[in-house]
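Accompanying notes for the structure given below.
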Amino acid sequence: MKTGTTVNRHATRQSTTWLLPVVWLLLTICGTAVAEEQGGGAVPNPGIELWRAVREGPPPGVSRSQVEGIGMTTLIAEGGERWRQLRSNYVAPWGGWALVGMLGVLTLFHLVRKSPERFDGSSGKVIVRFPDYDRILHWFMAGTFLFLAISGLILLLGRYVILPLVGPQAFGAIASASKEGHNLFGPVFIVSLTLFVLRFAQRNFFARGDLAWLAKGGGMLSGKHVSAGFFNAGEKILFWSITFGGLAISISGLILVFPLFGQSRELMQLMLLVHGIAALVLIAFTFGHMYLGSIGLPGSFNAMNTGKVDADWAHAHHDRWHREAEEKGLIEKAPS
Ligand code: HEM
């Protein structure tokens with residue numbers, strides 16, 4: 001009998017347990033309805049509200065800071081994180097690989113192209129191509145540009161490429177020296193670029209014959225010489241890219257290096273992107289230029305080294321300029 005009662009009680013408890021979740025659900029629905037009626041919805045979380053206010057920042061004129069200046073009342077600069085991700089996830093890796101790609105393309109081109117013609121000086125004649133002043137300007141600009149390119153690449157890519165090789169202490173010293181050097185030489189590059197552009201611009205205006213040169217790809221693939229004046233269309237494109245790319249790098253660089261004129265954080269972030277992207281494009285272009293100015297076109301380097309080029313080289317690469325030099329009697333006997 002006793003056993004029968006226990007079994008019955010147990011059975012009753014089991015048959016009612018399914019009611020518990022239903023009751024809990026009803027209570028929750030009622031509770032939410034009452035809260036909404038009282039103007040609430042979910043119970044507000046003071047933490048969320050606080051952080052939302054911190055992120056959005058105060059309305060203008062409401063907040064004060066003892067330190068005066070643009071952005072001093074901003075507690076969390078939301079755009080900074082977006083900028084950091086853009087720089088670290090896109091500009092740095094894509095830029096780095098683009099430069100590696102450019103070096104790869106040039107190496108491949110060098111290996112598969114027809115051997116370029118060599119000029120051994122057998123013509124016995126030379127033409128002055130760049131007098132001292134032109135060459136000094138070229139190497140002044142090239143030197144400052146290369147220094148800025150190397151120190152800038154260390155700042156952009158060093159933590160991925162150099163840090164794992166040399167460790168944090170050595171990399172700290174390298175990065176710090178690169179930063180100081182970069183800031184110091186930036187304004188020097190602007191001076192060199194200005195002088196260079198003033199001196200070379202006139203010879204780089206596009207003229208008849210440039211389109212035909214471009215249409216034939218400058219004879220790079222066919223290996224046949226294409227008619228050109230003092231500068232060919234490829235050199236003119238390089239010149240204007242350096243002029244306008246250099247202008248973008250210079251203006252953005254000045255905004256970054258002198259943060260004293262009320263420039264906002266957002267403007268500085270934008271300028272860092274402009275500065276980095278323009279510099280990466282120009283560095284890739286100058287890889288091509290350095291190749292063609294040295295082993296890519298035998299005989300070219302003399303133009304920026306001694307200032308004189310072999311008359312046969314001039315006839316092959318810049319035939320219209322060679323003809324002019326001939327007409328003006330500017331072809332000299334090569335020094336023995
Ligand atoms: C160390 C590497 C470099 C070498 C071997 C080199 C070589 C040369 C040579 C041989 C020329 C004369 C081409 C000709 O006779 O038509 C030249 C012109 C020129 N170089 Fe360089 N260069 C170097 C670095 C640079 C750099 C870094 C820049 C840019 C910042 C640069 C910008 C120019 C420009 C703009 C011209 C004149 C092209 C024109 O006005 O159309 N060079 N270079």
Below 6.0 angstrom between ring centroids: does that apply to Phe130 and Phe230? yes
Quick check on side chain to side chain donor-acceptor pair (under 3.5 Å): which of His318, His317, Arg320 does Ser227 satisfy it with? Arg320
Going only through I, L, V, M, F, W and Y residues with side-chain contacts under 4.5 Å, is there a path from Leu254 to Val274? no
Verify the cluster assignment for Val191 and Ile251: are they in a single hydrophobic cluster under the rule of side-chain heavy atoms below 4.5 Å apart? yes
Applying side chain to side chain donor-acceptor pair (under 3.5 Å), can you list everything that pairs with [X], at least two apart in sequence or on another chain?
X      : value
Ser123 : Asp310
Arg203 : Asp134
Ser252 : His275
Gln85  : Glu81

side-chain contact (heavy atoms from CB on, under 4.5 Å) between Ile190 and Ile249, intermediate numbers included: CA-CA 9 Å; Ile190 300 178; Ile249 292 179; over 6 Å; no
Do the charged groups of Glu326 and Arg323 touch, with an N to O distance under 4.0 Å? no
Mutual orientation of the aromatic rings belonging to Phe239 and Phe200 [parallel < 30°, tilted 30-60°, perpendicular > 60°]: parallel
May I have the step-by-step check of side-chain contact (heavy atoms from CB on, under 4.5 Å) for Val309 and Val128, ending in yes or no? CA-CA 7 Å; Val309 291; Val128 174; over 6 Å; no
Step-by-step side-chain contact (heavy atoms from CB on, under 4.5 Å) determination, Glu78 to Ile76: CA-CA 6 Å; Glu78 284 276 276; Ile76 294 183; 4.0 Å; yes
Name all residues meeting the side chain to side chain contact (heavy atoms under 4.5 Å, CB included) criterion together with [X]; count only those two or more places apart in sequence or in a different chain, and write none if there are none.
X      : result
Val105 : none
His315 : His322
Ala207 : Asp210, Lys236

Connected to Val112, directly or through other members, by ILVMFWY side-chain contacts below 4.5 Å are none
Contacts of Glu327 that satisfy salt bridge (Lys or Arg N to Asp or Glu O under 4.0 Å) - sequence neighbours left out: none
Residue set satisfying salt bridge (Lys or Arg N to Asp or Glu O under 4.0 Å) with Asp312, at least two apart, ordered chain then number -> none
Nearest-0.5 Å distance that lies between atom CZ in Arg265 and atom CG in Leu270: 15.0 Å
Distance (rounded to the nearest 0.5 Å) between Leu330 CG and Ile127 CD1: 8.0 Å
Selection residues 281-306 - residue pairs positive for ring pair (Phe, Tyr, Trp, His ring centres under 6.0 Å), sequence neighbours left out: His110-Tyr291
Which atom pairs, donor and acceptor, lie under 3.5 Å between side-chain atoms of residues 147-170 and protein residues at least two apart or in another chain?
{"from": "Ser151", "atom 1": "OG", "to": "Phe147", "atom 2": "O", "distance (Å)": "2.8"}
{"from": "Ser151", "atom 1": "OG", "to": "Leu148", "atom 2": "O", "distance (Å)": "3.3"}
{"from": "Ser151", "atom 1": "OG", "to": "His182", "atom 2": "ND1", "distance (Å)": "2.9"}

Under 3.5 Å: donor-acceptor pair, side chain of Glu235, backbone of Asn232: yes
I'd like to know whether Val197 forms a side-chain contact (heavy atoms from CB on, under 4.5 Å) with Leu193, so could you lay out the CA-CA distance, the side-chain angles of the two residues, the decisive distance to 0.1 Å, and finally the verdict. CA-CA 6 Å; Val197 171; Leu193 178 74; 4.1 Å; yes
Do we get Arg129 above Trp321's six-membered ring, with its NZ or CZ under 6.0 Å from the centre and within 45° of the axis? yes
